[in-house]
Amino acid sequence: MRSIANDGHLCLSYGERTIDDWLHKQGIAHTREPSYPGTNYRGDFLVGDLIIEYLGLHGDPDYDARFAAKRRAAKRAGLDIFEITPRTLGDWDTLALRLAQRPARWAPTATPVSPAPTAEPLTPVPEGPTGAPGWRTDPLNASGRRYFDGSAWTHHTLDRSGEWHAHTPLGDAARSAAQAWVRHERPMREAPEAALGKLGTHPDGLAFWLAAIDEHENGGQARAADSATAPAYRGFIRYLERDGAAMMAAMDRCARFDRAGSRTLNDRALHIFHQAGVRPDFAAAGLTFHA
């Protein structure tokens with residue numbers, strides 16, 4: 001999917017545009033499609049002397065083999081690469097840390113719209129809904145951390161050992177039922193009756209789908225090559241289809257987690273919504289909350 005990023009750069013996928021827009025928002029100077037010296041290879045972004053690559057088809061054997069050859073070429077040329085996959089897209093904390101390790105080699109082009117997230121020790125909960133994006137003490141679990149996106153709390157959490165887990169608080173009311181449904185790989189039609197309705201007519205169903213996608217992403221169900229076809233995702237999107245902004249937020253989450261090259265349909269649909277002026281409403285989708 002070709003689209004134009006906020007800074008005018010042409011991007012060839014939703015993932016590339018997401019990265020470009022984040023770099024632009026932080027005021028970080030970057031160029032598109034840098035060359036690998038002595039080869040025909042091109043990277044996705046160049047920040048100082050760091051090449052950022054988006055591995056949109058990560059998980060596909062042929063694609064991974066081709067990219068391995070690219071890594072070898074980079075090593076021969078003495079190039080440093082930072083890799084982002086669909087699974088790690090949105091982990092700006094890690095990217096910001098990598099960039100912060102190269103202070104003499106990159107600099108913002110202007111004052112960032114918001115500070116880049118940086119790792120920090122556990123701090124008392126939270127600065128509130130106006131703090132900078134970053135990892136904070138989880139207001140629901142004092143021994144862990146949760147990512148604050150600058151306006152609300154997200155589903156991204158880290159346990160005491162630093163392992164990532166998806167946890168959407170509004171799903172807690174139906175978590176046991178959703179976990180059993182996902183772990184037994186039930187089809188969508190066997191979800192609870194309330195979950196088969198639509199947002200507004202069966203509001204109790206929202207908790208079920210939120211807990212179901214958490215469980216899917218946490219590994220409770222074997223992931224198909226195309227995780228966007230998982231019943232948990234399809235059910236969540238169908239449930240929210242009366243509200244375009246909420247459904248777009250649901251699709252955004254599903255697309256971000258997809259680890260293979262199967263994001264095409266979601267990318268196209270998201271692009272259509274975006275062109276129509278619809279913007280994701282993560283609050284309406286139940287994906288964010290305020291402590």
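Not measured: the values here are computed from a predicted model.
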**Student:** What's the verdict on side chain to side chain contact (heavy atoms under 4.5 Å, CB included) for Phe67 and Leu57, showing C-alpha distance, side-chain angles and the deciding distance?
**Tutor:** CA-CA 10 Å; Phe67 197 84; Leu57 301 182; over 6 Å; no
**Student:** Ring pair (Phe, Tyr, Trp, His ring centres under 6.0 Å) with His9: which residues, sequence neighbours excluded?
**Tutor:** His30
**Student:** Answer yes or no: is there a donor N or O on one side and an acceptor on the other, between the side chain of Arg146 and the main chain of His167, under 3.5 Å?
**Tutor:** yes
**Student:** Between Pro187 and Trp181, is any pair of side-chain heavy atoms under 4.5 Å apart?
**Tutor:** no
**Student:** Please report the interatomic distance CG(Leu196) to CZ(Arg238), rounded to the nearest 0.5 Å.
**Tutor:** 6.0 Å
**Student:** For the hydrophobic clusters of this structure (ILVMFWY residues joined by side-chain heavy atoms under 4.5 Å, transitively), does one cluster hold both Met251 and Met188?
**Tutor:**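 Looking at the clustering, Met188 is in the same group as Met251.
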**Student:** Please give me the minimum heavy-atom distance between Ala152 and Thr288, naming the atom from each residue.
**Tutor:** CB-CB, 3.6 Å
**Student:** What do the steps show when you test Arg17 against Asp21 for salt bridge (Lys or Arg N to Asp or Glu O under 4.0 Å), and what is the final call?
**Tutor:** CA-CA 6 Å; Arg17 176 169 177 171; Asp21 285 345; 3.4 Å; yes
**Student:** Are the side chain of Thr85 and the backbone of Leu55 linked by a donor-acceptor contact shorter than 3.5 Å?
**Tutor:** no
**Student:** Please list, chain by chain and in numerical order, all residues satisfying salt bridge (Lys or Arg N to Asp or Glu O under 4.0 Å) with Asp172, sequence neighbours excluded.
**Tutor:**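 Partners of Asp172 by the salt bridge (Lys or Arg N to Asp or Glu O under 4.0 Å) criterion, ordered by chain and then number, come out as Arg175.
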**Student:** Taking side chain as C-beta onward, heavy atoms only, is Leu140 less than 4.5 Å from Pro169?
**Tutor:** yes
**Student:** Over all heavy atoms of both residues, which pair between Asp80 and Leu50 is shortest? Give the atoms and the distance, please.
**Tutor:**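 Looks like O-CD1, 3.6 Å.
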**Student:** Is any side-chain heavy atom of Leu95 closer than 4.5 Å to a side-chain heavy atom of Trp22?
**Tutor:**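 Leu95 reaches Trp22 side chain to side chain.
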**Student:** Which pair of heavy atoms, one from Tyr36 and one from Ile81, lies closest together, and at what distance?
**Tutor:** OH-CD1, 3.4 Å
**Student:** Run the salt bridge (Lys or Arg N to Asp or Glu O under 4.0 Å) test against Arg66 and tell me which residues pass, sequence neighbours left out.
**Tutor:** none
**Student:** List the residues meeting side chain to side chain donor-acceptor pair (under 3.5 Å) with Thr31, not counting sequence neighbours, and say none if there are none.
**Tutor:**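 Side chain to side chain donor-acceptor pair (under 3.5 Å) list for Thr31, sorted by chain: empty.
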**Student:** Mind checking whether Phe82 and Val47 sit in one hydrophobic cluster, side chains of I, L, V, M, F, W, Y counted as touching below 4.5 Å?
**Tutor:**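 In one cluster: yes.
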**Student:** Going by heavy atoms in the side chains, are His165 and Asp159 under 4.5 Å from each other?
**Tutor:** yes
**Student:** By side chain to side chain contact (heavy atoms under 4.5 Å, CB included), which residues pair with Asp243, not counting sequence neighbours?
**Tutor:**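 Asp243 satisfies side chain to side chain contact (heavy atoms under 4.5 Å, CB included) with Leu199, Ala245, Ala246, Ala284 once adjacent residues are dropped.
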**Student:** How long is the span from the CG atom in Leu46 to the CD1 atom in Ile52, to the nearest 0.5 Å?
**Tutor:**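 Separation between the atoms: 8.5 Å.
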**Student:** Examine distances only and state if a side-chain atom of Asp138 and a backbone atom of Gly144 form a donor-acceptor pair shorter than 3.5 Å.
**Tutor:**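 No: the side chain of Asp138 does not pair with the backbone of Gly144.
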**Student:** Going by the rule salt bridge (Lys or Arg N to Asp or Glu O under 4.0 Å), which residues pair with Asp64 if we only count those two or more places apart in sequence or in a different chain?
**Tutor:** none
**Student:** Determine whether Leu79 and Ile19 fall in the same hydrophobic cluster, where Ile, Leu, Val, Met, Phe, Trp and Tyr are linked whenever their side-chain heavy atoms lie under 4.5 Å apart.
**Tutor:**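 No; tracing contacts between hydrophobic side chains, which count when under 4.5 Å, never links both residues.
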**Student:** Passes ring pair (Phe, Tyr, Trp, His ring centres under 6.0 Å), His216 versus Tyr233? Steps please.
**Tutor:** CA-CA 9 Å; His216 175 79; Tyr233 286 149; 5.1 Å; yes
**Student:** Can you tell me if His155 and Asp214 form a side-chain donor-acceptor pair at under 3.5 Å?
**Tutor:**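 Short answer, no.
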**Student:** Which residues satisfy the side chain to side chain donor-acceptor pair (under 3.5 Å) test with Gln179, sequence neighbours excluded?
**Tutor:**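 Side chain to side chain donor-acceptor pair (under 3.5 Å) list for Gln179, sorted by chain: empty.
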**Student:** With sequence neighbours excluded, tell me which residues meet side chain to side chain contact (heavy atoms under 4.5 Å, CB included) with Ser176.
**Tutor:** none
**Student:** Over all heavy atoms of both residues, which pair between Asp281 and Ala249 is shortest? Give the atoms and the distance, please.
**Tutor:** O-CB, 3.6 Å
**Student:** Looking only at non-hydrogen atoms, find the nearest pair between Phe148 and Arg136 and report the distance.
**Tutor:**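 Nearest pair, atom of Phe148 first, then Arg136: CB-CG, 4.0 Å.
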**Student:** So does Ala5 get a backbone contact from the side chain of Asp20, meaning a donor-acceptor N/O pair under 3.5 Å?
**Tutor:**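 No; judged by distance alone, with no hydrogens or angles, the pair does not exist.
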**Student:** Is Phe45 close to Pro34 at the side-chain level, that is, under 4.5 Å between some pair of heavy atoms?
**Tutor:** no
**Student:** Are the side chain of Thr154 and the backbone N or O of His156 linked by a donor-acceptor pair below 3.5 Å?
**Tutor:**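 Judged by distance alone, yes, a pair lies under 3.5 Å.
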**Student:** With sequence neighbours left out, write down each residue that passes salt bridge (Lys or Arg N to Asp or Glu O under 4.0 Å) with Lys198, or none if nothing qualifies.
**Tutor:** Glu241
**Student:** Using side-chain heavy atoms (C-beta onward) and a distance below 4.5 Å, is Arg71 in contact with Glu83?
**Tutor:** yes
**Student:** Any donor-acceptor pair under 3.5 Å linking the side-chain atoms of Tyr41 with those of Glu53?
**Tutor:** no
**Student:** Looking at Ala195 and Ala191, what are the two nearest heavy atoms and their distance?
**Tutor:**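 Nearest heavy atoms, Ala195 then Ala191: CB-CB, 4.3 Å.
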**Student:** Quick one: CZ on Arg160 to CG on Asn141, what's the gap to the nearest 0.5 Å?
**Tutor:** 8.0 Å
**Student:** Hey, mind stepping through Leu240 and Leu206 against side chain to side chain contact (heavy atoms under 4.5 Å, CB included) and telling me if it holds?
**Tutor:** CA-CA 8 Å; Leu240 295 172; Leu206 180 59; 4.2 Å; yes
**Student:** Among pairs that include at least one residue of residues 30-46, which meet salt bridge (Lys or Arg N to Asp or Glu O under 4.0 Å), considering only residues two or more places apart or in two chains?
**Tutor:** Glu16-Arg32
**Student:** Would Arg234 and Trp209 count as a cation-pi pair here, with the cationic atom under 6.0 angstrom from the ring centre and within 45° of the axis?
**Tutor:**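 No, cation not above the ring by the 6.0 Å, 45° rule.
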**Student:** Tell me every residue that passes side chain to side chain contact (heavy atoms under 4.5 Å, CB included) with Ala178, counting only those two or more places apart in sequence or in another chain.
**Tutor:** Phe208, Ala211, Ala212
**Student:** Quick one: which of Tyr147, Trp164, Trp92, Trp153 gives a ring pair (Phe, Tyr, Trp, His ring centres under 6.0 Å) with Trp135?
**Tutor:**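 Answer after filtering Tyr147, Trp164, Trp92, Trp153: Tyr147.
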**Student:** Taking side chain to side chain contact (heavy atoms under 4.5 Å, CB included) as the test, write out the residues that go with Leu170, two or more places apart.
**Tutor:** Leu210
